[in-house]
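Numbered from 1 within each chain, the chains take letters A, B, ... in sequence-line order. For clarity, every value in this text was computed on a predicted model and none was experimentally measured.
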Number of protein chains: 2
Amino acid sequence: MTEATGRLRVPTIDDVARLAGVSRATASRALSSEKRPVSAANRERVLAAAEQLGYRINPLARSLTTKTVNLVAVLVNHIHDLSDLDLFDLLLAETQAIGKQVILIRIGSGGKVEEFLRRGVAYHVDAALVFSDFADAGTARRMFHSDRVLMLNGHHDRLSPAVIPDEALGIEAAVADAAGKGVRTAALVTGRTSSLVEQERIGFYHRALARRGIGLGQVIQGDYSYESGRQAGDRLAGAGAPDAVFCTSDAAAMGVLDARRTDFPEGRPARFRLYGFDNISLLDFSAYPISSIGYDKTAYVREMMRFLADPDGFAPDGAPVLVPTRFVARSTG
Amino acid sequence: MTEATGRLRVPTIDDVARLAGVSRATASRALSSEKRPVSAANRERVLAAAEQLGYRINPLARSLTTKTVNLVAVLVNHIHDLSDLDLFDLLLAETQAIGKQVILIRIGSGGKVEEFLRRGVAYHVDAALVFSDFADAGTARRMFHSDRVLMLNGHHDRLSPAVIPDEALGIEAAVADAAGKGVRTAALVTGRTSSLVEQERIGFYHRALARRGIGLGQVIQGDYSYESGRQAGDRLAGAGAPDAVFCTSDAAAMGVLDARRTDFPEGRPARFRLYGFDNISLLDFSAYPISSIGYDKTAYVREMMRFLADPDGFAPDGAPVLVPTRFVARSTG
DNA sequence: CTGTTAGCGCATTCAG
DNA sequence: CTGAATGCGCTAACAG
């Protein structure tokens with residue numbers, strides 16, 4: 001039963017066919033998930049034989065002829081790219097639910113992505129979900145010799161399908177919330193403005209604030225990080241504090257909160273209101289009850305599944321698909 | 001260049017061989033990572049041809065003959081099994097560094113694991129890392145037709161290799177830290193004692209405290225959760241508070257801290273010291289500066305890599321491999 | 001409905 | 001050192 005290596009010999013479709021007394025082709029048909037023509041009797045015998053042998057199909061071998069492995073690559077820089085675990089957990093569950101499995105590729109920061117992928121299975125997957133910003137859409141397409149690449153990092157172009165959060169919605173709602181609470185002046189803590197995504201995000205804040213008649217005072221440039229938030233928090237002290245502080249990342253908002261804990265007794269705003277961005281799951285812990293803006297994870301993942309189900313039919317007009325963001329109220333807002 | 005589907009045709013080794021003017025076999029040898037006999041001239045031409053065509057080997061096809069895919073399955077219940085992202089990030093990076101890729105399988109809570117895996121590539125991977133407690137070692141072995149299964153969930157037996165944290169070390173160090181700071185009395189907040197792992201952990205605390213002459217007063221049973229920690233914290237109020245509170249999970253310790261914030265001005269202990277367990281990365285944020293106990297992630301992953309490099313040679317005596325845990329001092333301790 | 005044949009892309013004999 | 005032939009496990013095309 002065991003070979004020299006101690007590894008069990010895994011039965012092939014040939015073994016099944018022989019035991020069932022039919023040809024390989026018939027066994028293959030009986031075992032296929034699609035309904036191919038097989039007599040009920042033969043199907044019975046094949047299935048019984050397979051069961052008895054503990055046979056399971058080798059999808060790798062099958063992929064040689066069918067050209068599809070039911071494998072999708074998920075490309076990230078680091079794990080932390082998957083801004084939070086809940087999203088990834090959902091993505092994984094849904095992907096598996098449609099009969100595909102995920103091979104997770106960590107690009108790291110290094111540059112030689114292509115060289116790296118060259119030796120890996122990733123090159124031959126059915127489709128790729130690109131969270132990593134290692135490369136633009138053109139590189140990604142070339143890398144997977146196909147258009148079956150979904151850009152989720154904002155680095156899309158006119159040719160590759162993409163899904164991006166519609167940030168305007170959530171920002172509008174957050175600013176409306178502040179306005180409704182009497183906020184008249186605000187500060188903005190930003191990330192690096194070299195990012196196109198960030199530039200656009202900042203623009204949304206400017207316009208939303210203007211529409212609500214809220215005056216934007218200080219604009220403090222950070223880098224999305226917790227540390228930069230703490231520094232911003234320190235600069236927010238004193239008499240000239242605004243009615244509200246909007247941060248373009250939750251990490252920065254957490255930094256602001258930690259720097260100004262005394263201004264938030266019981267987590268409630270005593271001097272100014274605080275709004276973050278991303279709605280990371282950490283905010284559900286009571287230490288960081290920060291009002292934030294997040295996209296609808298379910299809708300986001302649903303779009304990815306739509307892509308996986310029919311990569312070529314997705315977004316035929318070439319326009320990026322938008323996923324709504326929404327405002328999530330917590331006690332700092 | 002493109003087929004009807006819009007998918008680019010990917011060059012095979014045949015294309016390379018033809019362009020280089022050699023046989024398939026020679027091209028294969030030249031392209032192989034091992035040094036097989038090929039003339040320098042031919043190697044040159046093959047490599048050039050491959051480069052020109054943008055050829056990359058198809059590892060799936062190769063696996064048909066080599067019987068090895070360089071794919072390892074990582075089995076989890078939910079993503080959160082990977083107690084924190086840092087571990088997983090490291091695991092992924094190291095796995096890729098030795099030329100293997102990770103296919104991540106989420107078991108969920110559902111029961112029909114086998115039926116699920118049966119149709120997937122996972123069944124035919126080179127090795128599996130089992131974090132999920134979906135099954136015991138026997139089931140895992142049967143499922144992958146091999147002994148190439150590393151149990152990391154504590155559900156190992158005498159036959160399958162396993163890696164588990166040596167909790168005694170860290171607990172000893174944490175208790176020593178407390179003793180050195182003059183702690184004479186302690187309380188223990190536990191998880192569900194139905195778990196064997198938890199029973200053992202509690203035992204370590206009992207013995208370490210006894211050895212240091214620290215009296216154990218209240219033992220509060222929780223369930224590892226943040227909420228149960230908060231409740232324990234409420235019960236810790238009043239005059240009879242101990243000098244130190246040890247929790248068998250960080251989440252519970254966070255709950256205790258949030259329930260007793262006023263006893264930790266600036267995060268420093270005013271009435272009692274607080275120790276957690278797991279050393280989750282959240283503790284690096286200033287809101288939860290809890291002294292904790294964690295295993296050495298690097299050592300942990302190193303053992304996994306040792307297994308992947310030589311599954312059959314790992315732990316030949318059948319004993320589980322222990323990974324040291326250590327005490328990590330923060331301000332609550 | 002069924003069996004035979006011919007590959008999928010690749011590594012590996014085995015002769016030269 | 002090289003090329004021709006063989007087979008990995010499976011499905012598709014083709015007769016029957």
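Side-chain contact between A:N42 and A:R29 is absent, with no heavy atoms from C-beta onward closer than 4.5 Å. When side chains are defined from C-beta on, B:Q101 does not count as touching B:I103, because their heavy atoms never get closer than 4.5 Å. The shortest distance between side-chain heavy atoms of B:Y55 and B:L31 falls below 4.5 Å.
Heavy-atom distances to DNA chain D give each of B:R29 and B:R24 a nearest nucleotide, and the one nearer the 5′ end belongs to B:R29. Comparing B:V22 and A:T12 by the nucleotide of DNA chain D whose heavy atom lies nearest to each, the residue mapping closer to the 5' end is B:V22.
Of the listed nucleotides (C:dC10, D:dG9, D:dT2), C:dC10 has the atom at the smallest distance from the side chain of B:N58. Comparing D:dC10, C:dG9, C:dT2 against the side chain of A:I13 picks out D:dC10 as the nearest. Comparing atom distances between the B:S39 side chain and each of D:dG3, C:dG3, D:dT2 picks out D:dT2 as nearest. Side chain of B:T65, nearest nucleotide from C:dT4, D:dC10, C:dA11: C:dA11.
When the side-chain nitrogen and oxygen atoms of A:K67 are compared with OP1 and OP2 of D:dT11, none of them lie within a distance under 4.0 Å. Of the side-chain N and O atoms in B:R62, one or more sit less than 4.0 angstrom from OP1 or OP2 of C:dA11. OP1 and OP2 of D:dC1 both lie 4.0 Å or more from every side-chain N or O belonging to B:N42. Residue A:T26 places at least one side-chain N or O closer than 4.0 Å to OP1 or OP2 of C:dG3. Taking 4.0 angstrom as the limit, B:S28 places a side-chain polar atom (N or O) nearer than this to OP1 or OP2 of C:dA11.
When atom types are taken as modelled, the side chain of B:D126 and the backbone of B:V69 share a donor-acceptor pair closer than 3.5 angstrom. With B:D157 contributing its side chain and B:S160 its backbone, the two residues share a donor-acceptor pair below 3.5 Å.
Separating the CG atom of A:D14 from the P atom of D:dT11 is a distance of 12 Å, rounded to the nearest angstrom. The NE2-C1' distance, from A:H124 to C:dC8, rounds to 13 Å in whole Å. Going from atom CZ of B:R43 over to atom P of D:dT2 covers 9 Å, rounded to whole Å. The CG atom of B:L53 sits 15 Å away from the C1' atom of C:dG9 (whole-angstrom rounding). Rounded to whole Å, the distance from CG on A:L64 to P on C:dG7 is 15 Å. For B:R18 and C:dG9, the CZ to C1' distance is 13 Å, given to the nearest whole Å. The CG-C1' distance, from B:L60 to C:dA11, rounds to 15 Å in whole Å.
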